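Comments concern the structure below.
Predicted model, so just to flag it, every value in this text is computed and none were measured. Ligands are counted one by one from 1 in listed order, and the atoms in each one are counted from 1 as well.
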Amino acid sequence: MLPSAVADQIAAGEVVERPASVVKELIENSLDAGATAIDVVIEDGGKQTIRVSDDGCGMSRDDALLSIERHATSKIRTATDLVGVRSFGFRGEALAAISSVSQLEMETSPEDGDGTIVRVDGGMVRDVGPTARRRGTTIRVSRLFYNAPARLKFLRGTQSEWRAVLDVVGTMALTRRDVRVTVTRDGKAALNLPSTATLRDRLAAVYGGAFAARLLDVDEVSGTTHVSGLVERPADVGTSTRRVFLSVNGRAIRDNGIVRAAEAAYRSTIPGGVRPTLFLDVVVAADMVDVNVHPAKAEVRFRDRWQVEQTVERGVRRALGTFDASAMFGRPSWVPSPERAVLDASPASPIGVEALQPQPVVDEGLFEPSDEGGAPPVDVVNSRPSPDPERPSLDVPFLVQLHRTYMMFEHDQGVVLIDQHSAHERVLYEQFMNVLGGGAQPAQRLLFPMTLHLGPDEAEAFERHREVFERLGFEIEGFGGHTLLVRAVPMPHPRFDPERCLRETLASLTGDREASAHARHEKLAATVACKAAIKAGDALSPGEMRALFTALRDTTLPAHDVHGRATIVQLPWDEIERRFGRR
Ligand code: ADP
Ligand code: MG
């Protein structure tokens, strides 16, 4: 038989790879002990010192000595306890393994006051004695692998060990938002996370408020499965580091099937090759999941995986707004209507330079030839929802413009308002992204080229994005110095002011250094869409409203504009009836 210290060292190979795995085991023990606050101290990336203190239940002297024996666990007694086990630990080998390859010091106390201190060197108990401390446990692991040179050799540099530690702490902090966590690195505070009620608050503390605010809520229940969390807006995907966090019944795990299901929900909302940031909590009945399939407990097995994945996909899909928004349009499925084709086709009649001048209110079609030109303003009071016999658009509701800013229509569930600028912006953004993905954008040659004098920053921004501008339908030449000659422009609508659009877009791109081509495309598409879209205050003819409505309905994310704001607002009948005292 092997001496037990050697057996522990062999076991340590499975449990302890590097400082981060020690940190993980110690934090899990603290959480299992019911800690509400955990302080982590790291020196030299954890290679020199790892110290984890908690305010959990602590241990008696006997339990403290037992805890460093192999297969000493207080968490399960029989094999049947394994089914649906809720604690992180249950194998009883982490402390034994860690103490066999380090110098470990444990101070612990089940009550404020008299506690126990135990010192272990490479698996040998050196010292046991009394100490005074508050309720809880502090474990300090020094000189990890000091007696295992083969393992020591595999440790990476301080910086990369530190990053792995931070990753572990971050994951635990997302799993258990209720626990206060601090991390000190080489004497300096590195992370200070107060206990919070919500995932969004915790994400704000870890990654910053701006990051957290942009994410969309997921909340989906199906049978005994509950999926909740936060996911990235499609328009943001690919613009910054991708992060994925997944927990099942309060345990952080990896699961490709669930991640793929969540990603499937983004189908058609993001281009291929980019992947969304996801933070998802899955809760299933305890007997529907087996957590004991992986030594580091990083994977689980579901009894009905398909059902879980379906719920994830549906929840994420709903969060992205597609189902909600299309439900608001009152139709389960989309039937092509004639207006749609017009958006994608070249304008039927060329538009001359006069279209470049700021124009008074025009009634010619924004999205279609001006067959409805000069339509009088709609009389809100006397108008009835009557489908226009001229046009086969029975599937478009009767639309009214309010405040020259919103389009309003009636729906089974209430009155719906669409912000015309946001809506048009969403339509153009998706059109531009489509063009950048290989489609064609109709361009309009100008009768007289337009000369644009730019500042040095704007000129530089143009050079950086030149190729993308060209693909969007701009034909632009350098003219020496910082002057551009614009020969052709895309024509999203006759009121489009290309000079203003170009100037404002370039101004907002100065100093911008998006790393990936995709991020640059999205930024540019979003900026041009914003500048090119119709504005609040533009009067729309009924035909223009219908065209905008159908174009919006056909976008992948009608309910969100490119900044993630709502495009559509619904006033439910309930609410209206309540206000009139009808219920
Ligand atoms: P496991 O977590 O699988 O039970 P460990 O080796 O990690 O095994 O821990 C052994 C035992 O030591 C635990 O079952 C628990 O009773 C005790 N223990 C470890 N850390 C703590 C702690 N921070 N507070 C209270 N008890 C602890
Ligand atoms: Mg443990």
**Study point:** Any N or O of N29 closer than 3.5 Å to N or O of ligand 1
**Key:** yes
Check your understanding: Can E25 be said to touch ligand 1, with heavy atoms closer than 4.0 Å?
Key -> no
Review point. Would you say the side chains of Q310 and S222 form a donor-acceptor pair under 3.5 Å?
Key: no
Practice item. Select one of side chain, backbone, both or neither to describe which atoms of T137 lie under 4.0 Å from any atom of ligand 1, heavy atoms only. Key: side chain
Check your understanding: Under 4.5 Å between any side-chain heavy atoms of V183 and V165, yes or no?
Key -> no
Review point. If you look only at pairs with a residue in residues 160-169, which of them pass as a side-chain hydrogen bond (donor to acceptor under 3.5 Å, both in side chains), with sequence neighbours excluded?
Key: R18-E161
Review point. Is the NZ or CZ atom of R243 positioned over F211's six-membered ring, under 6.0 angstrom from the centre and within 45° of the axis?
Key: yes
Check your understanding: So which of E105, R133, R51 actually passes side chain to side chain donor-acceptor pair (under 3.5 Å) with T138?
Key -> R133
Review point. Side chain, backbone, both or neither: which part of D54 comes within less than 4.0 Å of ligand 1 when only heavy atoms are counted?
Key: side chain
Practice item. For ligand 1, indicate whether the residue A33 contacts it via side chain, backbone, both or neither (heavy-atom separation under 4.0 Å). Key: side chain
Review point. Is C57 in polar range of ligand 1, meaning some N or O pair under 3.5 Å apart?
Key: no
